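Presented below is the structure to which this report refers.
Please read these numbers as outputs of a predicted model, since none were measured by experiment. All residue numbers in this chain count up from 1 along the given sequence.
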Amino acid sequence: MDIFEEIKLKGYAEEYIDPTLDLFDEIEKLKKEKNAVILAHYYQDADIQDIADYIGDSLGLSQQAAKTDADIIVFAGVHFMAETAKILSPTKKVLLPDVKAGCSLADSCPPHLFKKFKEQYPDHLVITYVNCTAELKALSDIVCTSSNAVQIVESLPLEQKIIFGPDKNLGAYVAKKTGRDLVLWNGACMVHEIFSREKITKLKERHPGAKLLAHPECEDVILQMADYIGSTTGILKYATSQPGKEFIVATEPGIIHQMQKDNPDKVFIPAPPNNNCACNDCPHMKRNTLEKLYLCLKNELPEIEVPHDIIVRAVKPIERMLEISAQLGL
Ligand code: 13P
Ligand code: SF4
């Protein structure tokens, strides 16, 4: 089987790596040699966050992808994020350590069905959460992330009718915050939908001073209990700026690595899921490993390609989001 067939089948190409090799050193060398930059989301493994040139939330990562002067972007995140980087920097080589690192939320909104849905509301503007395929972005008017969704809706005239997709939880949160009547697509993230209200309540009883920090992809029952709601960057900033000692974190626990690094004296407790599974790790984000990242930079594969016609249509709503965010200082 050649390397391309192997990537198609498994998502990455397997190769023996000498276990005595210092992968941190090797990745640093390859980065310099190839003028590559590593962009990592907060949900990545601690090792990947530590080797990254930039760690951030979806908005920060898109802003970095748009302005980097590197020749190669290694995107340590999931497929829709790497696609967004390619759309914003089409002349650059964009690599994803495991091309099967997908997203349940993006999968919950197939573009051909969304197109039919959109046709039912011809006088509505379409705002899509960045967690969706490039094809879906191409069907949108403005893209948003969890850190600017409220402000983007607020930037539109009150009488403007809006479809919001694909995340129904973020959509409901934005509708509540802005008082707007949004038409929602019925999609959700598998990681943020499994937090248990009962178990969080018990945890709060055991840690009465602990503040609950929640991502707006969580269901309303969890958001109603939260002391703070925000994107991953928002959650990190809040925990750092607040005087409290204990925090319960209702988002993917990869973020706790940075929270703990920035706040060594504070205690961060992952919010428990409603099943007996060990954790709330995102199985898609966690497909990337340091080994796969090393091999992907070495072989410059798997590479993310987006058809030209999709790039032309999808770049507009993403740039619109970046413009509004820049105007608002986000
Ligand atoms: P943010 O990076 O905007 O906080 O979103 C979290 C997420 O689910 C990314 O997949
Ligand atoms: Fe998608 Fe949820 Fe994983 Fe984010 S945490 S990549 S929204 S499945």
Heavy-atom closest contact (S62 atom, L88 atom, distance): O-CD1, 3.5 Å
Would you say the side-chain atoms of E217 and Y129 include a donor-acceptor pair closer than 3.5 Å? yes
In terms of heavy-atom contacts, L61 and A40 come closest through CD2-O, 3.5 Å
Pairwise distance CG(L170) to CZ(F164) - rounded to 0.5 angstrom: 4.0 Å
Test side-chain contact (heavy atoms from CB on, under 4.5 Å) on F247 and Q242; report intermediate values, then the result. CA-CA 10 Å; F247 299 87; Q242 289 298 304; 4.1 Å; yes
Counterpart residues, salt bridge (Lys or Arg N to Asp or Glu O under 4.0 Å), relative to K298 (two or more places apart): E15
Between the side chain of S241 and the main-chain N/O of Y238, is any donor-acceptor distance below 3.5 Å? yes
May I ask you to decide if G77's main-chain N or O and N288's side chain share a donor-acceptor pair within less than 3.5 Å? yes
Quick check on side-chain contact (heavy atoms from CB on, under 4.5 Å): which of V267, L213, T240 does M259 satisfy it with? L213
Check whether any side-chain heavy atom of H79 sits under 4.5 Å from a side-chain heavy atom of I304, and report yes or no. yes
Would a 4.5 Å heavy-atom cut-off, applied to side chains only, mark K199 and N274 as touching? no
To the nearest 0.5 angstrom, please state how far the CG atom of D2 sits from the NZ atom of K8. 10.0 Å
Roughly how far, to the nearest 0.5 Å, is OG1 of T84 from CG of L59? 11.5 Å
I'd like to check the salt bridge (Lys or Arg N to Asp or Glu O under 4.0 Å) partners of K115; sequence neighbours left out, ordered by chain and number. E119
Quick one: do I17 and L295 satisfy side-chain contact (heavy atoms from CB on, under 4.5 Å)? Show the steps, please. CA-CA 9 Å; I17 302 175; L295 289 178; 3.9 Å; yes
Can you give me the closest heavy-atom contact between L203 and P270, atom names plus distance? CD2-O, 4.3 Å
What's the spacing between N148 CG and L322 CG if we round to 0.5 Å? 8.5 Å
Treating Ile, Leu, Val, Met, Phe, Trp and Tyr as nodes and any side-chain heavy-atom pair under 4.5 angstrom as an edge, say whether I48 and I256 lie in one connected cluster. no
Show your working on salt bridge (Lys or Arg N to Asp or Glu O under 4.0 Å) between K29 and E26 and close with a plain yes or no. CA-CA 5 Å; K29 269 190 242 161; E26 295 304 313; 3.2 Å; yes
CE-CD1 distance between M321 and I152, expressed to the nearest 0.5 angstrom: 6.5 Å
Is it the case that the side chain of K292 and the backbone of R287 share a donor-acceptor pair, with hydrogens and angles ignored and the cut-off at 3.5 Å? yes
Are the side chains of S89 and V94 in contact, using a 4.5 Å heavy-atom criterion? no
Are L125 and I142 close enough that some pair of their side-chain heavy atoms sits under 4.5 Å apart? yes
Between E246 and H207: side-chain donor-acceptor atoms closer than 3.5 Å: yes
Salt-bridged, E28 to K31, with N to O below 4.0 Å? yes
Quick one: does NZ or CZ of K176 land under 6.0 Å from the six-membered ring centre of Y173, within 45 degrees of the ring axis? no
Can you hop from L301 to Y12 via hydrophobic side chains spaced under 4.5 Å? no
Can a salt bridge be assigned to the pair E154 and K177 using a cut-off of 4.0 Å between side-chain N and carboxylate O? no
Heavy atoms, side chains only, cut-off 4.5 Å: are N263 and F268 in contact? yes
Answer yes or no: is there a donor N or O on one side and an acceptor on the other, between the side chain of N280 and the main chain of A271, under 3.5 Å? yes
Classify the ring geometry of Y43 against H192: parallel below 30°, tilted from 30° to 60°, perpendicular beyond 60°. tilted
Could you check whether atom CZ of F4 has more than 12 heavy atoms from other residues, nucleotides or ligands sitting under 6.0 Å from it? no
Applying the 4.5 Å side-chain criterion to the ILVMFWY set and letting contacts propagate, would I55 and I235 be lumped into a single cluster? yes
Under 6.0 Å from the NZ atom of K202, do we count more than 12 heavy atoms belonging to anything else shown? no
Whether K137 side chain and I318 backbone form a donor-acceptor pair below 3.5 Å: no
Does K286 reach the main-chain N or O of D281 with its side chain, forming a donor-acceptor pair under 3.5 Å? no
Assess whether atom CG of D309 is packed by more than 12 heavy atoms of other residues, nucleotides or ligands within 6.0 Å. yes
side-chain contact (heavy atoms from CB on, under 4.5 Å) between L136 and F80: does it pass, once the steps are laid out? CA-CA 10 Å; L136 206 82; F80 76 80; over 6 Å; no
Quick check: closest heavy atoms across T128 and S140, and the distance to 0.1 Å? OG1-OG, 2.8 Å
Roughly how far, to the nearest 0.5 Å, is the CG atom of L223 from the NE2 atom of H215? 10.0 Å
Any side-chain to backbone donor/acceptor pair from E252 onto G254? Under 3.5 Å, distance only. yes
State, to 0.1 Å, how close L236 and I255 come at their nearest heavy-atom pair, and which atoms those are. CB-CD1, 4.3 Å
Got a sec: does the NZ of K161 have more than 12 other heavy atoms crowding it under 6.0 Å? no
Would you call K211 and D227 a salt bridge, taking side-chain N to carboxylate O under 4.0 Å as the test? no
Does the side chain of S147 pick up a donor-acceptor pair with the side chain of T145 at under 3.5 Å? yes
Taking K92 for its side chain and I73 for its backbone only, find out whether a donor-acceptor pair lies under 3.5 Å. no
Can you check whether E303 reaches L95 side chain to side chain, under 4.5 Å on heavy atoms? yes
Can you find a heavy atom in the side chain of Y294 that is under 4.5 Å from one in the side chain of L21? yes
Are I163 and L156 linked, directly or through other ILVMFWY residues, by side chains that come within less than 4.5 angstrom of each other? no
Side chain of Q44, backbone of M285: donor and acceptor closer than 3.5 Å? yes
Would you confirm whether T201, through its side chain, and R197, through its main-chain N or O, come within 3.5 Å as a donor-acceptor pair? yes
Report yes if some heavy atom in the side chain of F195 is under 4.5 Å from a heavy atom in the side chain of I200; otherwise report no. yes
One pair to check against side-chain contact (heavy atoms from CB on, under 4.5 Å): I310 and E83. What are the steps and the verdict? CA-CA 11 Å; I310 299 280; E83 264 185 350; over 6 Å; no
Restricting to non-hydrogen atoms, name the atom on G187 and the atom on L105 that form the minimum distance, rounded to 0.1 Å. C-CD1, 3.9 Å
Are I324 and L330 linked, directly or through other ILVMFWY residues, by side chains that come within less than 4.5 angstrom of each other? yes
